[in-house]
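This report concerns only the one structure given below.
Lettering of chains follows the sequences in order, A, B, ..., and the numbering in each one begins at 1. Note that this is a predicted model, so its numbers are computed, not measured.
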Amino acid sequence: MDPFADTLQRLREAFSSGRTRPAEFRAAQLEGLSRFLQENKQLLQEALAQDLHKSVFESEVSEISISQNEINLALRDLRAWMKDEKVPKNLATQLDSAFIRKEPFGLVLIIAPWNYPLNLTLTPLVGALAAGNCVVLKPSEISKNTEKILAEVLPRYLDQSCFAVVLGGPQETGQLLEHKFDYIFFTGSPRVGKIVMAAAAKHLTPVTLELGGKNPCYVDDNCDPQTVANRVAFFRYFNTGQTCVAPDYVLCSPEMQARLLPALQSAITRFYGEDPQSSPDLGRIINEKNFQRLRGLLSCGRVAIGGQSDESDRYIAPTVLVDVQETEPVMQEEIFGPILPIVNVRSLDEAIAFITRREKPLALYAFSNSSQVVKQILAQTSSGGFCGNDGFMHLTVASLPFGGVGASGMGSYHGKFSFDTFSHHRACLLRRPGLEKIYALRYPPHTPRNLRVLLMAMETRCCSCTLL
Amino acid sequence: MKDEPAARNLVTQLDSAFIRKEPFGLVLIIAPWNYPLNLTLTPLVGALAAGNCVVLKPSEISKSTEKVLAEVLPQYLDKSCFAVVLGGPEETGQLLEHKFNYILFTGSPRVGKIVMAAAAKHLTPVTLELGGKNPCYVDDNCDPQTVANRVAFFRYFNTGQTCVAPDYVLCSPEMQARLLPALQSAITRFYGEDPQSSPDLGRIINEKNFQRLRGLLSCGRVAIGGQSDESDRYIAPTVLVDVQETEPVMQEEIFGPILPIVNVRSLDEAIAFITRREKPLALYAFSNSSQVVNQMLAQTSSGTFSGNDGFTFMTLPSLPLGGVGNSGMGRYHGKFSFDTFSHHRACLLSYSGLEKLKDIRYPPYSAYKEQLLSWALGSQSCTLLPPAGQDLWATGPAPFRAKVSSAAS
């Protein structure tokens, strides 16, 4: 029994009917998303608190507001994005109309994760809807309270002939992926990313994969330790470390480590108090499985700060580990929790060598008072995104593309990049039916003279001819 | 290659925000045999311009060009960063087991799936330039000779072995009656009474494709041409009529000098016919009415579209060449090539001091902080803010002081 066939068929028919093409329809969907957020804010905050013990601040700033900003941007710029883009012409095409038309792909599948279950569902959805696609949404079953709202409440705000939520775990998702989609947007682990891409290959479906990795955080000796500690701690322990772009581990000299440790302790105490477990601003681990995994990591290296855990609460204290070996699990897998290992390097070059030996991460951080140091790390490494002297602020800038490279993913989105990701860019050339005498130049029998004229007319240089 | 500045929100006002283009690393280009020079060099230009090292796998089928690419081309490039590898399907399969940082493949959809599946094992991004049956709609409201000239020219160019060639014509029986003599006239004008002796007509690439195409000659009814000569791998410029949708000539990409005409009774029927099938790499619509052309454009999808002509758009590097659906993914030509072979890295360079400005986001959280930050993060388009490109990193202390006072006010 295929539980999805009917839903997908219905959505395909809706797409074929042309329903999603007009700007008015798309704007109405985006406005629906906006009302969904505004009318259910409390419900969403409660769900996020139940799933991840997210504070109202974090829910607002990293889930609700950020999604609302994307909706607002899309509503503001929708018609500009939809417009045909005229392109420069050569002499041969001077009398033609040459442009790029943005078209929806058709049926889009969005598979969303549990760590920012609202943001990482809605932000791609904004792009897919703005681009005029029909959408199947597969929210994470792990963040079950948010899943429930997305499945039961969200569809009421959208045209349900063009939008559907499907539920299930890995097995159901596997079944879903056997179907043909016109685009697949996946956020999750590299391991599952490969499975998604392999499934997409069977149908030649293009994909964007937002994956993860171990995001290095280099800290130069030439830094104020407290400033660095504040910034690193804030971004590491935000959402209890369950962030794909969080600094995963620190690279610094032993001297800097000695100055950083008390500063980190100071930042943690300032942020979460003497007893972090009772702070309303610190979240919890999503589920038992991840809690156990993280608790296992606490025995790597040596605990310098934190290290406490409480199974009944899925609580793990903001922790810093030192004396870690590269071969230990904490330096092998993406941590995705409130644990920060510090690895010692003796120089910038050694740090760069360490980083470039490993898979390209989703984010890379470099702290230094010297802009030259920051720029050198930028120049000699690769990563999805990069931030100098701060944490993942780059993802709040809608004019920067958000995406990975290598094992951390392919493709990008946010702002206009979302619209472009979910659109096919069709090259169009419209010529007049007459003037055959001019175009006859290219027909056989060919002569050297005709060839010369044609080559000249095709030349790119002619684009800048000021007479034209 | 230049960093592209990006517009900032209020929270990142003092930062430098830009997109940096970086090479992926090791790029694999698998090229086909039909335009063995162009479809090898054009992607290569993009890959090299973007700063990658390149492995080139030219087609073994166009063996004379393969030889030149393998033996002569490397002499002109830095061989520590460029290599040509040779072989057939088996060797290419072996090659694909290795990890590359980007793969650009030009070829059939069938092999495209194999390439993408191999790429998936290493999470390697791909551009697949595939193919399909490119429909060519001809409205009743047309001058038959003009249409015939254009369609014939683009169909028989390179003996039809072009991924963007018009594959079949859709028109009414009335238009077909006018088109046939016009097509014959165009063919005679282009290639003479005996096309086999024209220096301007090519040949089929190999025996296998020749036999395949000769088989297609028995579909429908030959209206023009139909001759073939095995010793020369010659197939005459041919037009077929009375073809059924189920016949092989309407099932596979023709890739030869054979043009079937399928009858439809209206524009809507033509659009329905087209949209029932896989999205093609190119779509052509001929009509004196721009409304008809625009309707065809609006109600179909394809890699590329041309009104009242053939694949002239290929000569315009400002237009992206790429497919959609079964005809491919990704695109190249001109700047699109450079962008295809580059990773676009989002960069934000912030300042190491001014911690008090960043302080506001730290716990313990408060409703006030939350509101302020939400507002500041959302301010993507505030006209009071300086444009992208101006920041502490570029401009130094004095403008910075001015910015701080405007941010505080």
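Looking at heavy atoms from C-beta onward, Phe271(A) lies out of side-chain contact with Pro364(B) at the 4.5 angstrom threshold. Side-chain contact between Glu58(A) and Tyr365(B) is present, with heavy atoms from C-beta onward closer than 4.5 Å. Leu373(B) is listed as a side-chain neighbour of Phe57(A), based on a closest heavy-atom distance under 4.5 Å.
No side-chain donor-acceptor contact under 3.5 Å links Asp281(A) to the backbone of Pro363(B). Counting only distance, with no hydrogens or angles, the side chain of His343(B) and the backbone of Gly384(A) share a donor-acceptor pair below 3.5 Å. Lys202(A) contributes no side-chain N or O that, together with a main-chain N or O of Ala117(B), makes up a donor-acceptor pair within less than 3.5 Å. Between the side chain of His122(B) and the main chain of Ala407(A), no donor-acceptor pair closer than 3.5 Å is present. A donor-acceptor pair is defined here as one N or O able to donate and one able to accept, closer than 3.5 Å; such a pair exists between the side chain of Lys360(A) and the backbone of Phe24(B). A donor-acceptor pair under 3.5 Å is formed between the side chain of Asn90(A) and the backbone N or O of Thr315(B). Side-chain atoms of Thr304(B) do not come within 3.5 Å of backbone N or O of Ala427(A) as any donor-acceptor pair. The closest donor-acceptor contact from the side chain of Asp224(A) to the backbone of Ser352(B) lies at 3.5 Å or more, if one exists at all. With hydrogens and angles ignored, the 3.5 Å screen pairs no side-chain donor or acceptor of Arg345(B) with any backbone N or O of Val405(A).
For chain A, the option among Ser287(B), Cys142(B), Gly307(B) with the highest count of heavy-atom pairs below 4.5 Å is Gly307(B). Interface summary for chain A: among Gly334(B), Gly25(B), Pro125(B), Pro199(B), the most heavy-atom pairs under 4.5 angstrom belong to Pro125(B). The choice from Gly406(A), Ser383(A), Ala98(A) that makes the most heavy-atom pairs within less than 4.5 Å of chain B is Ser383(A). Most heavy-atom pairs under 4.5 Å with chain B: of the set Met393(A), Arg231(A), His446(A), this distinction falls to Arg231(A). The most heavy-atom pairs under 4.5 Å with chain A, out of Asn149(B), Val293(B), Leu130(B), Val115(B), come from Asn149(B). In terms of heavy-atom pairs under 4.5 angstrom with chain B, the leader among Leu282(A), Val61(A), Val228(A), Leu395(A) is Val61(A). Of the listed residues (Phe313(B), Phe157(B), Phe286(B), Phe153(B)), the one with the most heavy-atom contacts under 4.5 Å to chain A is Phe153(B). Ranked by non-hydrogen atom pairs under 4.5 Å with chain A, the options Ala367(B), Pro320(B), Gly192(B) are led by Pro320(B). For chain A, the option among Pro23(B), Ala298(B), Ala282(B) with the highest count of heavy-atom pairs below 4.5 Å is Ala298(B). Interface check for chain B: of the options Ser382(A), Ala440(A), Ser65(A), the most heavy-atom pairs under 4.5 Å are formed by Ser382(A). When Tyr443(A), Phe386(A), Tyr183(A) are compared by the number of non-hydrogen pairs under 4.5 Å with chain B, Tyr443(A) comes out ahead.
Taking CE from Met458(A) and OG1 from Thr312(B), the interatomic distance works out to 10.0 Å, rounded to the nearest 0.5 Å. From Thr396(A), atom OG1 reaches atom CG of Leu377(B) across 5.0 Å, with rounding to the nearest 0.5 Å. Leu378(A) CG to Asp3(B) CG: the interatomic distance, rounded to the nearest 0.5 Å, is 7.5 Å. Leu283(B) contributes atom CG, which lies 10.0 Å from atom SG of Cys428(A) (distance to the nearest 0.5 angstrom). Atom-to-atom distance recorded for Phe99(A):CZ and Ser318(B):OG is 12.5 Å, nearest 0.5 angstrom. In this structure, the separation between OG on Ser374(B) and CG on Asn69(A) is 8.0 Å, given to the nearest 0.5 Å.
A pairwise comparison of heavy atoms in Pro88(A) and Leu316(B) identifies O-CD1, 3.7 Å as the closest pair. Considering every non-hydrogen atom in both Thr146(B) and Glu436(A), the closest pair reads CG2-OE1, 3.6 Å. Ala200(A) and Met116(B) make their closest contact through CB-CE, 4.0 Å (heavy atoms, listed as atom of the first residue, atom of the second, distance). The two residues Leu123(B) and Gly193(A) make their nearest non-hydrogen contact at CD2-C, 4.0 Å. Of all heavy-atom pairs spanning Lys358(B) and Asp390(A), the tightest one is NZ-OD2, 2.7 Å. For the residue pair Glu359(A) and Lys99(B), the shortest heavy atom distance occurs at OE1-NZ, 3.4 Å.
Atom CZ of Arg110(B) has 12 or fewer heavy atoms from other residues, nucleotides or ligands within 6.0 Å.
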> When you look at Asn389(A) and Leu349(B), which way does the side-chain contact (heavy atoms from CB on, under 4.5 Å) test go after all the steps?
Replying inline: CA-CA 7 Å; Asn389(A) 288 316; Leu349(B) 305 186; over 6 Å; no
> Step by step, would you call Arg432(A) with Asn308(B) a side-chain contact (heavy atoms from CB on, under 4.5 Å)?
Replying inline: CA-CA 6 Å; Arg432(A) 297 148 193 247; Asn308(B) 289 315; 5.9 Å; no
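Listed by chain and number, the residues in a side-chain contact (heavy atoms from CB on, under 4.5 Å) with Asp77(A) are Leu73(A), Trp81(A) (sequence neighbours excluded).
With a threshold of 4.5 angstrom between heavy atoms, Leu321(B) does not approach chain A through any atom at all. With a threshold of 4.5 angstrom between heavy atoms, Arg361(B) approaches chain A through its backbone and through its side chain. For Phe311(B), no part sits under 4.5 Å from any heavy atom of chain A, backbone or side chain. Residue Ser302(B) touches chain A through both its backbone and its side chain, counting heavy-atom pairs closer than 4.5 Å. Contacts between Ala118(B) and chain A at a heavy-atom distance below 4.5 Å are absent for every atom of the residue. Interface remark: Thr127(B) contributes no atoms to any contact with chain A (heavy atom separation under 4.5 Å). Of the atoms belonging to Phe154(B), it is side-chain heavy atoms, and not backbone ones, that fall under 4.5 Å from chain A. Residue contact with chain A, scored on non-hydrogen atoms closer than 4.5 Å, involves the backbone of Ser366(B) exclusively. Only the side chain of Arg331(B) comes within less than 4.5 Å of a heavy atom in chain A; its backbone stays farther off. Both the backbone and the side chain of Pro109(B) come within less than 4.5 Å of a heavy atom in chain A.
Counting only residues at least two apart or in different chains, salt bridge (Lys or Arg N to Asp or Glu O under 4.0 Å) contacts with residues 308-318 of chain B comprise Arg431(A)-Asp309(B), Arg442(A)-Asp309(B).
Here Arg270(A) pairs with Asp359(B) in a salt bridge; the nearest charged N to carboxylate O distance falls below 4.0 Å.
For the residue pair Glu103(A) / Ser301(B), a side-chain donor-acceptor distance below 3.5 Å is found, with atom types taken as modelled.
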